[in-house]
Amino acid sequence: MNFRIYDTATREVRDFVPLEEGKAGLYVCGLTVQSEPHVGHVRSGVNFDVLQRWLRALGHEVTFIRNTTDIDDKILAKAAEQGRPWYNLAYDMHRELDRAYAALNVAPPTYEPAATGHVPEMVELIETLISRGHAYAAEDGSGDVYFDVRSFPDYGQLTRQKVEDMEAAADADPRGKRDPRDFALWKGWKSEKEPRTASWPSPWGRGRPGWHIECSAMAGKYLGDAFDIHGGGMDLRFPHHENEQAQSRAAGQGFASYWMHNAWITTAGEKMSKSLGNSLTIPAVLSEYRGIELRYYLVGAHYRSHVEFSFEALDEAATGLRRVESFLERAGVTTEAGTAELADLPADFVAAMNEDLGTSAALAVLHDTVREGNRALADDGTAGVASESAQSSARHVLAMLDVLGLHPHDPAWATGASDVTGRLEGAVDGLVAALLEQRTQARADKDFATADAIRDRIKAAGIEIEDTPAGPRWSLGAPPADTRGK
RNA sequence: GGUGGGUUGGCCGAGAGGCGAGGCAACGGACUGCAAAUCCGUGUACACGGGUUCAAAUCCCGUACCCACCUCCA
């Protein structure tokens, strides 16, 4: 069975056929680094990370390019507001984003080009567009260069819109434009309003690139004239992706074969916006939840479905994940992250993933396998040793988790955890062990009042106790509900 | 005005003509000193009104409500 993906351009699920057998070229629009990343931003990162991992699992050699936009109007405006250099803000937020990705086990791409590092490539592309009659320098002396929408008959093809129905682009003073829908490829430097550091030399004078041209230039540079998949968030379809495609194709390139767009995370029914409250920034959420829990929550919904974010739902997801983790612990099996192979995965799981990354259905297979394993474990009696059947289930579970970037022993989850965390765990383990010894003695003496009092005290400290055939086990309980997300 | 998406059980969340995805919660049973964990069992959900069909959550027509994009956006 083939891997099939929903292509936004054709609005249908199609077999994935790479341009070159065994290879996959993937370009994803990353973020404009202008503020702390929130849950919505990171959803895109996680979704395309799953895509990338799945392509690899299927045996493709993946070249994954994800850009960052480190110069634009908002960055300049925010930096000015905060009284610091724009490049400092961008760099700072970029590091914040890297931390967020790392905390969610989003693997780094093959390369992460930044717009400011590719100005010559953009200038080259703009020159090509001008020479082919698809772009022109504004005649008002502003130093702007525009893409000539009317010169490219396919404009609007990606989002099925007619040029006549579109509203005018507001990205520059319309006086220099031939058509109000023309969009900026290059923005002349406004010396009185913008810092000189935010301008680069060009044949049209100092200036900076328009928003869309960077992706055309960088995708072309790193993936070639034609490549397989282009991804990004739903809101980028228009104008960003429409314009990218227009630029690249007008320049004679084939560009992307497939377009994939991830849906939104909303809060209180509204799109999460950078201007909204910041309780949902990644650092804030990770102060209450483990990265693996947030990732599991995000993977649980199909990438094209809207998700209404709530801490209640995140709690549920965390509980569900703990069920899986608890099974693995009791089965006593572990594997190394990143070693899963297609052969280790249940056929139903593979089928689910092959159908446009059906992660929800894939998790259903995961849970079915966990139940099988638990059943085997329950049948294993009191010997305390997991049977071959239970171990086999555990290996399947680990392989599935691995492919989804949810392997519990992936060193990535240790990101941010210092040595102190490990030492603290050891210390807690020692203290709890001492208390548990007392409790075990009390139980042996049939002094259940004392035994239960000890258990209650441990529980009050946020630690759950389970009695197993092999003796008591402790684990950290869920965070108290009344403190979350504040 | 143009383009696209959505409404599924107490909750989250898949599915897209025919055996009730899965999770969380709840209830009953097993296990346990009691719990916890685990296992077994318990649900006749698909916004509304029509229609097509042997069969509709799924297709068609209509209605209501919600959301996104239309040049800042993951």
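Chain identifiers are assigned alphabetically (A, B, ...) following the order of the sequence lines, protein sequences preceding nucleic acid strands; residue numbering begins at 1 within each chain.
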Margin query: With rounding to the closest Å, how many angstrom separate the C1' atoms on B:rA16 and B:rC60?
Written below: 15 Å
Next item on the list: Would you mind telling me which of B:rA21, B:rA37, B:rU71 lies closest to the side-chain atoms of A:Ser326?
Entry: B:rA37
Margin query: Any side-chain N or O of A:His367 below 4.0 angstrom from OP1/OP2 of B:rG22?
Written below: no
Item checked: With sequence neighbours excluded, residues passing ring-ring contact (aromatic ring centres under 6.0 Å, His included) with A:Phe448 -> none
Next item on the list: Figure out the CD/P separation between A:Glu293 and B:rG23, and round it to whole Å.
Entry: 18 Å
Notebook entry, point to check: Quantified in whole Å, what is the P atom distance between nucleotide B:rG18 and nucleotide B:rA56?
Noted result: 11 Å
Notebook entry, point to check: Can you tell me if the side-chain N/O atoms of A:Thr32 get under 4.0 Å from OP1 or OP2 in B:rA74?
Noted result: yes
Checklist line | For A:Arg290, all residues meeting side-chain hydrogen bond (donor to acceptor under 3.5 Å, both in side chains), sequence neighbours excluded | finding: A:Glu293, A:Glu325
Checklist line | Those residues of residues 437-450 of chain A lying under 4.0 Å from RNA chain B by at least one heavy atom | finding: A:Arg439, A:Arg443, A:Phe448
Next item on the list: Could you tell me whether A:Arg95 sits above the aromatic face of A:Tyr91, with NZ or CZ closer than 6.0 angstrom to the six-membered ring centre and within 45 degrees of the axis?
Entry: yes
Next item on the list: Could you tell me whether A:Leu366 contacts a base, only the sugar-phosphate backbone, or nothing, with contacts defined as non-hydrogen atoms closer than 4.0 Å?
Entry: nothing
Note to self: Among residues at least two apart in sequence or on other chains, which ones pass ring-ring contact (aromatic ring centres under 6.0 Å, His included) with A:Tyr27?
What the structure shows: A:His230
Notebook entry, point to check: Does a nitrogen or oxygen in the side chain of A:Ser310 sit under 4.0 Å from OP1 or OP2 of B:rC12?
Noted result: no
Next item on the list: Determine whether more than 12 heavy atoms belonging to other residues, nucleotides or ligands lie under 6.0 Å from atom NZ of A:Lys459.
Entry: no
Note to self: Using the P atom as the point on both nucleotides, what is the distance between B:rG17 and B:rC59, in whole Å?
What the structure shows: 7 Å
Margin query: Between A:Arg249 and A:Asp154, does any side-chain N to carboxylate O distance fall below 4.0 Å?
Written below: no
Notebook entry, point to check: So what does A:Gly30 hit on the nucleic acid, given a heavy-atom distance under 4.0 Å: a base, only sugar-phosphate, or nothing?
Noted result: sugar-phosphate
Check: Within 45 degrees of the axis of the six-membered ring of A:Tyr155 and under 6.0 Å from its centre: does A:Arg150 put its NZ or CZ there?
Finding: no
Note to self: Say we look at B:rC48 and B:rU7: how far apart would their C1' atoms be, to the nearest angstrom?
What the structure shows: 11 Å
Note to self: Taking side-chain contact (heavy atoms from CB on, under 4.5 Å) as the definition, give me every residue that meets it alongside A:Ser310, ordered by chain and number, with sequence neighbours left out.
What the structure shows: A:Glu312, A:Ala313
Each nucleotide N or O in nucleotides 2-4 of chain B that has a protein N or O under 3.5 Å away: list the pair and distance.
| residue | atom | partner | partner atom | Å |
| --- | --- | --- | --- | --- |
| B:rG2 | O2' | A:Asp165 | OD2 | 3.2 |
| B:rG2 | N2 | A:Gln161 | OE1 | 3.4 |
| B:rU3 | O2' | A:Thr159 | O | 3.1 |
| B:rG4 | OP1 | A:Arg11 | NH1 | 2.9 |

Check: Nearest to the side chain of A:Glu466, which nucleotide is it out of B:rA36, B:rA74, B:rA14?
Finding: B:rA36
Notebook entry, point to check: Do A:Arg14 and A:Tyr6 meet the cation-pi criteria used here (NZ or CZ under 6.0 Å from the six-membered ring centre, within 45° of the axis)?
Noted result: no
Notebook entry, point to check: Please give, in whole Å, the distance from B:rA74 P to A:Phe309 CZ?
Noted result: 18 Å
Notebook entry, point to check: Rounding to the closest angstrom, what is the interatomic distance between B:rA57 and B:rU44 at atom P?
Noted result: 16 Å
Notebook entry, point to check: Ion pair present between A:Arg375 and A:Asp379, side-chain N to carboxylate O less than 4.0 angstrom?
Noted result: no
Notebook entry, point to check: To the nearest angstrom, how far is A:Ile458 atom CD1 from B:rA35 atom C1'?
Noted result: 13 Å
Next item on the list: Return the value, rounded to whole Å, for the distance between atom CG of A:Leu294 and atom P of B:rA74.
Entry: 17 Å
Next item on the list: With RNA chain B as reference, determine whether A:His302 or A:Ala364 sits nearer its 5' end, using the nearest nucleotide of each.
Entry: A:His302
Item checked: Sequence neighbours excluded, every pair satisfying salt bridge (charged side-chain N to carboxylate O under 4.0 Å, His left out) that has a member inside residues 444-454 of chain A -> A:Asp452-A:Arg455
Next item on the list: Provide, to the nearest angstrom, the distance between the CD1 atom belonging to A:Ile265 and the C1' atom belonging to B:rC12.
Entry: 13 Å
Next item on the list: Compare every heavy atom of A:Ala263 with every heavy atom of A:Arg43, then report the nearest pair and how far apart it is.
Entry: NH1-O, 3.1 Å
Check: So, for A:Ile126 and A:Val145, which heavy atoms are closest and what is the spacing to 0.1 Å?
Finding: CG2-CG1, 3.7 Å
Note to self: Distance check needed: B:rA74 C1' versus A:Glu244 CD, whole Å only.
What the structure shows: 14 Å
Note to self: Tell me the interatomic distance from A:Glu312, atom CD, to B:rG10, atom P, rounded to whole angstroms.
What the structure shows: 18 Å
Notebook entry, point to check: Rounding to the closest angstrom, what is the interatomic distance between B:rU38 and B:rG6 at atom P?
Noted result: 35 Å
Next item on the list: Pick the C1' atom in B:rG23 and in B:rG50, then give their distance to the nearest Å.
Entry: 36 Å
Notebook entry, point to check: Under 3.5 Å, is there an N or O donor on one side and an acceptor on the other linking the side chain of A:Tyr155 and the base of B:rU71?
Noted result: yes
Notebook entry, point to check: With a 4.0 Å cut-off on heavy atoms, is A:Asn47 in touch with a base, just the backbone sugar-phosphate, or nothing at all?
Noted result: nothing
Check: How does RNA chain B read in dot-bracket, base by base from 5' to 3', with Watson-Crick or G-U pairs under 3.5 Å and | used when the partner is on another strand?
Finding: (((((((..(((.....[...))).(((((.......)))))....(((((..]....))))))))))))....
Checklist line | Pairing residues for A:Glu329 by the salt bridge (charged side-chain N to carboxylate O under 4.0 Å, His left out) criterion, not counting sequence neighbours | finding: A:Arg473
Between the protein and nucleotides 25-28 of chain B, list the N/O to N/O atom pairs that are separated by less than 3.5 angstrom.
none

Could you list the protein-to-nucleotides 39-41 of chain B atom pairs, N/O on both sides, closer than 3.5 Å?
| residue | atom | partner | partner atom | Å |
| --- | --- | --- | --- | --- |
| B:rC39 | OP1 | A:Arg323 | NH2 | 3.2 |
| B:rC39 | OP1 | A:Asn374 | ND2 | 3.3 |
| B:rC39 | OP2 | A:Arg323 | NH1 | 3.3 |
| B:rC40 | OP1 | A:Arg375 | NE | 2.9 |
| B:rC40 | OP1 | A:Arg375 | NH2 | 2.8 |

Next item on the list: Under 4.0 Å between any heavy atoms, over every strand shown, what does A:Thr468 touch: base, sugar-phosphate, or nothing? Just pick one.
Entry: nothing
Check: Quick one: ring-ring contact (aromatic ring centres under 6.0 Å, His included) partners of A:Phe238, sequence neighbours excluded?
Finding: none
Check: Just one of A:Phe311, A:Phe309, A:Tyr289 clears the ring pair (Phe, Tyr, Trp, His ring centres under 6.0 Å) bar with A:Tyr297, so which one?
Finding: A:Phe309
Margin query: If you only use heavy atoms from C-beta on, which nucleotide in B:rA21, B:rA74, B:rC69 is closest to the side chain of A:Ser360?
Written below: B:rA21
Note to self: Which nucleotide wins on minimum distance to the side chain of A:Ala301, given the candidates B:rA14, B:rC34, B:rA74?
What the structure shows: B:rA14
Notebook entry, point to check: Any salt bridge between A:Arg208 and A:Asp73, counting N to O under 4.0 Å?
Noted result: yes
Note to self: Under a 4.0 Å threshold between the charged nitrogen and the carboxylate oxygen, would A:Glu388 count as salt-bridged to A:Arg395?
What the structure shows: yes
Notebook entry, point to check: With a cut-off of under 6.0 Å to the ring centre and 45° to the axis, is A:Arg181 in cation-pi contact with A:Tyr146?
Noted result: no
Notebook entry, point to check: Tell me: CZ of A:Phe238 to P of B:rC72, nearest whole Å?
Noted result: 11 Å
